[in-house]
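Residues: numbered from 1 along the sequence shown.
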Amino acid sequence: MAVAVRGGRGGSGGGSGFRNFFSYRIFVSAMFTLLFLATLSVLFTSYPSHPDSVMETSGNAYARRTFLALQSDPSKTRLNLIYNQANNHIALVNAYFTYARRLKLEISRQLKMFDDLAKNFSDLQLKPTYRLALFESDGPVDEDVLRQFEKEVKDKIKVARLMIAEAKESYDTQLKIQKLKDTIFAVNESLLKAKKNGAFTSSIAAKSTPKSLHCLAMRLMEERIAHPEKYTDDEQKPEFEDPSLYHYAIFSDNVIAISVVVNSAVKNAEEPEKHVFHIVTDRMNLAATKVWFKMRPIQGGAHIEIKAVDDYKFLTPSYVPVIRQLKSANLQKFYFKNRAENSTKDMNNMKFRNPKYLLMLNHLRFYLPELYPKLHKILFLDDDVVVQKDLTALWRIDMDGKVNAAVNTCFGSFRRYAEYLNFSNPLIKEKFNPRACAWAFGVNMFDLDAWRNEKCTEQYHYWQNLNEDQTLWKLGTLPAGLITFYSTTKSMDKTWHVLDLGINPGISMDEINKAAVIHFNGDMKPWLDIAMNHYKHLWTKYVDDEMEFVQACNFGL
């Protein structure tokens, strides 16, 4: 027993070994703490916050630029990004400092606690009563003293076990590893939840109408009402049906987006007077669009025709499947009833719950031969594109008898037909190849004569009728287009159409500068606050900032 408990603080026996043992334990604890911090650092840097997909807020030093920053400077955008990254890492370092300081205090407390415990064991055997009666006596051991000594030793052992159990988490390697795994899992779960919520709120922002855009439409309408004599409808021009000219089709309800597409195309055209723009909008925005182009006429002699969807009387429910389907009670319940079963935060489901996918304005592209019966070719442009070069060479492309000329978007296993169509349906599986390469709407040259010969509109009607219950594909125009023009699409060179400026922040400026048309497809449209700052200037430079209503509605401030 004397050996078991002997050894004071200054001795070279059990007490020194005890302290060396715990010093080793503390060293191991410190090493695993550093490993924990390093792992968290790697975890955080493995999921970098998207610099452009969320609003940057780093204090008063960061001056937020709105979606029409007419004096956009890519260098300033880069400076803001670097500044925010530095601030974020300062906060991270401060957090680690606080944790390290707390850890140091905890280790100091444990050192003192175990040192005092070892001293208590040593002092117990040095008590005169026990030393004389038990350890230095040559006579028989006093039973009463022995029982008292045993009781005090057991009490201290009990205290020691409680203290060791409390400190076990810091010194048990397996427990430390498990806690680290649990922490990493919890952080990853929080990160996934934050990313999902971020995507959800971005989707909501993408579907909303910014206050400035609403203001612009209202100002234009006020101008129309206040001065009706200035805005009488023009007569039909012969250029609108002249097949020898270059014709564009733009279908949109966004006045400023339309103006950017037209303005960019005209400014980069070598012979603007030979270009004709056919704009179709909804009834609500028809007057505003006409007022805009009356107040800001197209330069260079280009021609513009503005109509509403309602002006085309052949678009009736009996002829157009989408109009008939929009009147379906099931679809109206799915889109417009505020019910618990309709609510969702799943991005895949939420994307297709947007009623815009059934609007006639989006499906109007499938009726181009009937909209423009006297034309042979027409270039279809989405309203979120910017033209950077003269496009007249597109009318000279050899279509090889195909109906649609478009840029392929597939790479690897991505953006192939299997991604857009339901190949578990036997009809889809029989008619189409899941590995076939998808292409993009947005810049499409259509041979209207070939379209009429191939009866593509009838094909579209056939498949759209079959998909009334969305079993063949989810809603949208691209899957319908992939089916309609499955064997009648010619691939164009990729420099004609560079996509994903509203999705992918990693597109190189070299690729963008070589492109004839850039496309802001995705949620981060250039007229929204969630747009990517380093691409936004490519769009804003074609905004007519001298237009009085643009200034009045606080664009670019």
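Under the salt bridge (charged side-chain N to carboxylate O under 4.0 Å, His left out) criterion, D469 pairs with no residue, sequence neighbours left out. For K267, the side chain to side chain contact (heavy atoms under 4.5 Å, CB included) criterion is met by N263, Y542, not counting sequence neighbours. Every residue was checked against the salt bridge (charged side-chain N to carboxylate O under 4.0 Å, His left out) condition with R416, not counting sequence neighbours, and none meets it. For T232, the side chain to side chain contact (heavy atoms under 4.5 Å, CB included) test picks out no residue, with sequence neighbours left out.
Between D493 and K514 no salt bridge is recorded (no basic side-chain N to carboxylate O distance below 4.0 Å). Between D311 and R283, at least one side-chain N (NZ, or NE/NH1/NH2) sits under 4.0 Å from a carboxylate O, which counts as a salt bridge. One finds a salt bridge joining K294 and D234 here, because a Lys/Arg side-chain nitrogen approaches an Asp/Glu carboxylate oxygen to under 4.0 Å. Between R224 and D233 no salt bridge is recorded (no basic side-chain N to carboxylate O distance below 4.0 Å).
For the 3.5 Å distance criterion, the side chains of H275 and Y248 qualify, holding a donor opposite an acceptor. For the residue pair D282/N285, the side-chain donor-acceptor check at 3.5 Å is satisfied. Between the side chains of Y486 and Q459, no donor N or O sits under 3.5 Å from an acceptor N or O.
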Steps toward ring-ring contact (aromatic ring centres under 6.0 Å, His included) verdict (W463, F366): CA-CA 12 Å; W463 290 103; F366 294 104; over 10 Å; no
After noting the C-alpha distance and the side-chain angles of F485 and W451, does the key distance pass the ring-ring contact (aromatic ring centres under 6.0 Å, His included) rule? CA-CA 9 Å; F485 306 110; W451 184 319; 5.1 Å; yes
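Side chain of K313 to backbone of D310: a donor-acceptor contact under 3.5 angstrom is found. With Y535 contributing its side chain and N504 its backbone, the two residues share a donor-acceptor pair below 3.5 Å. No donor-acceptor pair closer than 3.5 Å links the side chain of K230 to the backbone N or O of V291. No side-chain donor-acceptor contact under 3.5 Å links K455 to the backbone of R452. H247 contributes a side-chain N or O that, together with a main-chain N or O of D242, makes up a donor-acceptor pair within less than 3.5 Å.
Exactly one of V261, I258, D383, L286 qualifies for a side-chain contact (heavy atoms from CB on, under 4.5 Å) with I279. That residue is I258. With H278 as the partner, the ring-ring contact (aromatic ring centres under 6.0 Å, His included) test is satisfied by one option alone out of Y372, F251, F380: Y372.
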Show every donor-acceptor pair shorter than 3.5 Å between a side-chain atom in residues 438-448 and any protein atom, with sequence neighbours excluded, or say none if there are none.
| residue | atom | partner | partner atom | Å |
| --- | --- | --- | --- | --- |
| N444 | OD1 | G442 | N | 2.9 |
| N444 | ND2 | N404 | OD1 | 3.3 |
| N444 | ND2 | A440 | O | 3.2 |
| D447 | OD1 | D449 | N | 3.1 |
| D447 | OD1 | A450 | N | 3.1 |

Could you tabulate the donor-acceptor pairs under 3.5 Å formed by side-chain atoms of residues 426-433, not counting sequence neighbours?
| residue | atom | partner | partner atom | Å |
| --- | --- | --- | --- | --- |
| N433 | OD1 | R435 | N | 3.0 |

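Taking CD1 from I503 and CE from M524, the interatomic distance works out to 7.5 Å, rounded to the nearest 0.5 Å. Separation of atoms CH2 (W539) and NE2 (H537) is listed at 14.0 Å; rounding is to 0.5 Å.
Here the closest heavy-atom approach between residue P321 and residue Y319 is recorded as CD-O, 3.4 Å.
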